[in-house]
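In what follows, a structure is listed as structure tokens, so that the remarks can point back to it.
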2 protein chains.
Amino acid sequence: MTTQILQSIKSIVSLNQNEEEAFVNILEVKQFKKKEFLLLEGQICDKIIFINSGCARIFYNVDGVENTFQFFFAERWYTDFSSFLTGQPTIENMQALEPCEVIQFKKKDLYQLYDTYPVFDRVGRILAENAFLSVSKLNQMLTNEEPEQRYLNLMSQRPEVVQRIPQHYIASYLGIKPESLSRIRKRILLAKER
Amino acid sequence: MTTQILQSIKSIVSLNQNEEEAFVNILEVKQFKKKEFLLLEGQICDKIIFINSGCARIFYNVDGVENTFQFFFAERWYTDFSSFLTGQPTIENMQALEPCEVIQFKKKDLYQLYDTYPVFDRVGRILAENAFLSVSKLNQMLTNEEPEQRYLNLMSQRPEVVQRIPQHYIASYLGIKPESLSRIRKRILLAKER
DNA sequence: TAAATTTCATAACCTAAGTCAACGTTTTTA
DNA sequence: TAAAAACGTTGACTTAGGTTATGAAATTTA
């Protein structure tokens, strides 16, 4: 159950037996059905989530319109770091798109680990840095790429998104309507045939 | 010269005299003329910049097209945290839009401070956290807002941008062409008249 | 301060995305 | 497994932004 998350941690730092046990002790395994919410806007995000299996999307809700901005698959870490840091309610929603098994742990337990085993400071810092790099990259794409180009890049760089995620969520991720994505796909198909 | 940056630091942590002197010792004051580059793509961003006066923009260069994604004024911190962390060359450009006086310090000097005075760990962490919050907010805007709405928000939330920054840079920040911003401004004006 | 450059606005036309509606297919659920 | 819901495509039409070109005003620079 905890094999994957331990492997992920150990790719960052090496843990001795005490440290590993202490870490495993704060872990909680949870199952979510399709469409269930792993995180709901308004909640305070006081946990860090690691996805064992399944996939989920993160979206903002603006006047009833859901703007998807990221997809997460197995082996990926997630927290709304803004809410996690500030203690303010989150405006992000995380929803299972397939049945999900996740491993999560609480902020307060992590902070206790920080105090007992300094090695976890480094884990926390690196997770935070990765979160930063991930959002920065997303912003780069949003700033520099048109929807059609983003879709082409998605196909080549993250094929599992195009294969596993329903198109209307991908459209939302690209900042366009499902009808427009449908047209883009048609354009791409026609271009290929020539 | 160093009054503003010290004040900014002291709003985060309190420093004793030794710590303050050690910090002031790593500071370097620099002047930039209008249009000069404080950071150029391809460089490794191994410094943190604090703006004393003037203003600057950050942009990506994509096939000769400059995509502006942030403006900085006095009292603001800047580093390309991605390049700073990874040691990879930056793809960000920082260009003075007005004559600028900045205070900067090097990564290696900061890391020495970390080792000597633990209080600076907290400074570094909080600057990093703020950097994250800032990119998250940008992501929110890019994901949730249309150019016209973003311009209206810019006018009310950051009037100094609209007042001091040439329109074609603002257009780029909004992800549109100067001609389109001109039309948006006209639309807003007409709407006001009614 | 005169010339050069930059900035901004506007017009005409083009293009991609939005909107609305219809319809067939796939998936979910009772 | 039958009915309901969700999903994806297409068409007709609208709209916002892109492109190209022109010119005036403001700012910079020599």
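Protein chains get the first letters and strands the later ones, always in sequence-line order, with residue 1 at the start of each.
With the nearest nucleotide of DNA chain C identified for both B:Q167 and B:R183, B:Q167 has the one nearer the 5' end. Two residues, B:K35 and B:P178, neighbour DNA chain C, and the one matched to the more 5' nucleotide by heavy-atom proximity is B:K35.
Among the nucleotides D:dC7, C:dG18, C:dA9, the one closest to any side-chain atom of B:S182 is C:dA9. In this structure, of D:dT9, D:dG17, C:dA17, it is D:dT9 that holds the atom nearest to the side chain of A:R185. You'll find that the side chain of A:E179 is closest to C:dA21, out of D:dG18, C:dA17, C:dA21. Relative to the side chain of B:R187, the nucleotides C:dT7, D:dG17, D:dT28 differ in distance, and D:dG17 lies closest. Taking only side-chain atoms of A:K177, from C-beta outward, the nucleotide of D:dG18, D:dA16, C:dT19 with the closest atom is C:dT19. Closest to the side chain of A:I176, from the set C:dT28, C:dA17, D:dG18, is C:dA17. Closest approach to the B:I184 side chain among D:dG8, D:dG17, D:dT9 is made by D:dG17 (side chain taken as heavy atoms from C-beta onward).
Taking atom OH on A:Y151 and atom C1' on C:dA17, their separation rounds to 17 Å, with Å as the unit. One can place CG of B:L181 at 12 Å from C1' of D:dG17, the figure rounded to the nearest angstrom. Regarding B:L174, its CG atom lies at a distance of 14 Å from the C1' atom of D:dA16, rounded to whole Å. Separating the CD atom of A:E98 from the P atom of C:dT27 is a distance of 13 Å, rounded to the nearest angstrom. In this structure, A:I188 atom CD1 and D:dT9 atom C1' are separated by 15 Å, rounded to whole Å. Straight-line distance from the CD1 atom of A:I165 to the C1' atom of D:dC7: 14 Å, rounded to whole Å. Taking atom CD1 on B:I170 and atom P on C:dA9, their separation rounds to 11 Å, with Å as the unit. Taking atom CG on A:L97 and atom C1' on D:dC7, their separation rounds to 14 Å, with Å as the unit.
A ring pair (Phe, Tyr, Trp, His ring centres under 6.0 Å) with A:F69 is found for one member of A:Y169, A:Y173, A:Y60 and no other, namely A:Y60.
Taking the six-membered ring where tryptophan is involved, the planes of B:F105 and B:F23 are perpendicular, since the angle between them exceeds 60° and thus also 30°.
Seen from the ring of B:F59, B:R57 counts as a face-on cation partner, given the 6.0 Å and 45° thresholds.
The hydrophobic cluster containing B:V161 also contains B:F72, counting ILVMFWY residues as joined when their side-chain heavy atoms lie under 4.5 angstrom apart, directly or transitively.
Distances shorter than 4.0 Å separate none of the side-chain N or O atoms of B:K186 from OP1 or OP2 on C:dA9. Residue B:H168 has a polar side-chain atom (N or O) positioned under 4.0 Å from OP1 or OP2 of C:dC8. Note on B:S180: a side-chain N or O is less than 4.0 Å away from OP1 or OP2 of D:dG18.
Heavy-atom contacts from other residues, nucleotides or ligands closer than 6.0 Å to CD of B:E160 number more than 12.
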